[in-house]
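Only this structure's heavy atoms are used, side chains among them; waters, hydrogens and symmetry mates stay out. All figures in this text were calculated on a predicted structure; none of them were measured in a lab.
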Protein chains: 2
Amino acid sequence: MSQQTEQAYLASYNIKDYDTCLTTVDSVLFTVLNGELYTLLVRRANHPYLAYWGLPGGFIDVQRDVDLTACANRHLAEKTGIIPPYLEQVCSTGSKTRDPRGWSTTVTYYALMAHIQCTTDIDSVDDVQWLPATQALQMELAFDHKQMIEQALERLKQKALYSLVPVYALPETFTLSELQQLHEVILGKSIQSKSFRRRIELANVLEETGELSTQKGKGKRPALYRVKTGAADYRFMRNLEH
Amino acid sequence: MSQQTEQAYLASYNIKDYDTCLTTVDSVLFTVLNGELYTLLVRRANHPYLAYWGLPGGFIDVQRDVDLTACANRHLAEKTGIIPPYLEQVCSTGSKTRDPRGWSTTVTYYALMAHIQCTTDIDSVDDVQWLPATQALQMELAFDHKQMIEQALERLKQKALYSLVPVYALPETFTLSELQQLHEVILGKSIQSKSFRRRIELANVLEETGELSTQKGKGKRPALYRVKTGAADYRFMRNLEH
DNA sequence: CAAGTTAAGAGTCTTAGGGACACTTAAAGT
DNA sequence: ACTTTAAGTGTCCCTAAGACTCTTAACTTG
């Protein structure tokens with residue numbers, strides 16, 4: 001076999017001569033709504049796990065997807081109308097038994113977007129829904145999607161401890177209190193607002209828009225911020241307490 | 001199709017009716033030797049990239065491998081004779097173009113082991129070699145294995161900043177200076193020995209064997225340590241400076 | 001309109017732990 | 001015995017997080 005030239009080898013190569021395995025890309029899409037963390041679930045229209053709720057995602061389209069990220073974004077855009085502003089790979093899970101059809105590997109991503117960035121009307125279709133993450137974790141989901149949500153949530157928690165990545169679950173402009181509340185929801189723990197604001201000043205990856213929030217509420221009107229480019233990569237030297 | 005029962009669907013399911021893609025598992029195996037970080041490379045015996053050096057790894061064996069970790073360990077044990085004491089998934093890379101045979105995904109792991117734990121005689125075979133990581137990165141390797149080594153190294157650097165994971169590249173017993181030197185090599189930066197020792201005491205994941213090193217050298221004879229179980233999971237709250 | 005209430009945001013003290021560097025200790029070499 | 005070298009300790013400084021208080025600017029209510 002290794003006597004062949006590479007050209008001849010490739011010309012005669014046919015993937016169907018080999019035992020291949022299934023490869024899928026699934027994403028855990030988070031957003032924040034009313035101070036709660038939500039996750040997007042999709043009702044399966046096919047076997048296996050027909051009619052079960054599961055993660056948005058699916059097989060790689062060897063024609064259309066140029067790489068794994070593109071595949072994740074394609075499936076997410078199909079459901080939400082947009083490519084989410086933050087996408088990060090969590091891990092891959094593969095085993096002989098996780099899919100009844102055979103050896104199957106899935107690459108899990110998690111994504112963040114603002115609820116209002118969703119351009120499709122999710123309430124009007126019955127096979128896609130936003131569900132509080134805690135609630136999703138109590139359902140019986142397709143495949144091992146529950147563990148995948150747990151892993152994504154764990155990663156997001158770590159990120160909340162040493163970065164400002166969660167900001168991508170907020171709209172274009174937001175207040176520091178909104179961001180702090182989001183971190184608190186993710187971590188399941190309250191944060192000293194002074195510490196939080198000091199960290200934001202230190203990180204220098206957010207900027208004031210100059211406007212104040214127009215939302216009328218009781219106290220002082222909070223300043224609005226937006227993210228600078230590169231905010232996703234900032235890492236604090238010290239973690240918040242956990 | 002969704003009218004079918006699940007049983008009927010699975011009975012008639014044949015993976016070869018679909019456009020599948022290639023799935024491989026590759027590992028970057030690091031060890032330390034003479035104060036330098038080494039990586040295990042394997043010379044390819046098959047097309048494509050015949051005779052190029054690349055990472056140990058390969059296709060999933062749908063019969064023998066129960067999951068991705070087992071697949072990584074199997075390929076590593078074939079070359080080194082042992083399952084490495086530390087194995088961690090780095091990321092997955094997949095695209096239409098990374099393999100000339102078609103759409104291909106690879107799950108990259110990195111592993112750590114002591115050089116002396118290697119039970120095969122690597123010097124006596126000519127298709128496997130330990131190479132300093134810096135040197136490996138200057139070679140033209142198979143596929144995108146160079147980027148994979150870079151990603152693994154980057155992950156290992158992060159781990160060296162906030163954990164004691166690199167300890168798994170040392171033998172069963174080791175001195176704190178050896179561990180510190182290893183961290184310094186990985187980070188490319190010297191560390192204050194006082195800080196390093198304080199962190200080790202704080203972490204409480206190493207224990208003294210009670211013995212002193214028998215290696216005869218000039219100065220005071222250093223104490224020997226071993227890792228406690230669970231050392232891999234310890235995370236410091238503060239990073240070392242980078 | 002003045003007083004009260006609420007949330008945003010600043011001031012300041014404490015505290016944990018890393019950086020820097022001098023010092024001590026125990027081995028080998030001369 | 002004296003020097004050299006590496007292991008290991010003592011101690012001061014400094015950064016940044018935690019805790020708590022105080023101020024500011026909006027609203028609500030009598």
*Which ones in residues 190-211 of chain B lie close to DNA chain D, meaning a heavy atom under 4.0 Å from one of its atoms?*
B:Lys194, B:Arg197, B:Arg198
_Take a 6.0 Å sphere around CD of A:Glu172 and say whether it holds more than 12 heavy atoms from other residues, nucleotides or ligands._
no
*Do B:Thr39 and B:Leu137 come within less than 4.5 Å of each other through their side chains, counting heavy atoms only?*
no
*ring-ring contact (aromatic ring centres under 6.0 Å, His included): pairs with one or both residues in residues 193-225 of chain B, sequence neighbours excluded*: B:His183-B:Phe196
*Do the non-hydrogen side-chain atoms of A:Met139 and A:Leu41 ever get within less than 4.5 Å of each other?*
yes
*Taking C-beta and beyond as the side chain, do A:Gln129 and A:Trp53 meet within less than 4.5 Å on heavy atoms?*
yes
*So, does B:Thr120 use its side chain to make a donor-acceptor pair with the main chain of B:Lys79 at under 3.5 Å?*
yes
*Do A:Leu179 and A:Ile200 touch side chain to side chain, with heavy atoms closer than 4.5 Å?*
yes
*asked:* salt bridge (Lys or Arg N to Asp or Glu O under 4.0 Å), that's the test. Do B:Arg74 and B:Glu78 meet it? Break it down for me.
replied: CA-CA 6 Å; B:Arg74 175 173 61 82; B:Glu78 275 172 15; 3.4 Å; yes
*If you find the nucleotide of DNA chain D closest to A:Lys189 and the one closest to A:Lys220, which residue's nucleotide is nearer the 5' end?*
A:Lys189
*B:Tyr110 ring centre to B:Arg155 NZ or CZ under 6.0 Å, with the angle to the axis within 45°?*
no
*Within a strict 4.5 Å, meaning less than it, do heavy atoms of the B:Asn73 and B:Pro84 side chains meet?*
yes
*For DNA chain C, which residues in residues 230-242 of chain B have a heavy atom at a distance below 4.0 Å?*
B:Arg238, B:Leu240, B:Glu241
*Heavy atoms, side chains only, cut-off 4.5 Å: are B:Tyr234 and B:Asn204 in contact?*
no
*Shoot me the first and last contacting nucleotide of DNA chain C against chain A, ordered 5' to 3', at under 4.0 angstrom to non-hydrogen atoms.*
C:dT6 to C:dT12
*asked:* Listing request: all ring-ring contact (aromatic ring centres under 6.0 Å, His included) pairs with a residue in residues 157-178 of chain A, at least two apart in sequence or in separate chains.
replied: A:Tyr86-A:Tyr168
Show me the protein contacts with nucleotides 27-30 of chain D, counting only N or O atoms at under 3.5 Å.
unit_1, atom_1, unit_2, atom_2, d
D:dC27, O4', A:Lys218, O, 3.1

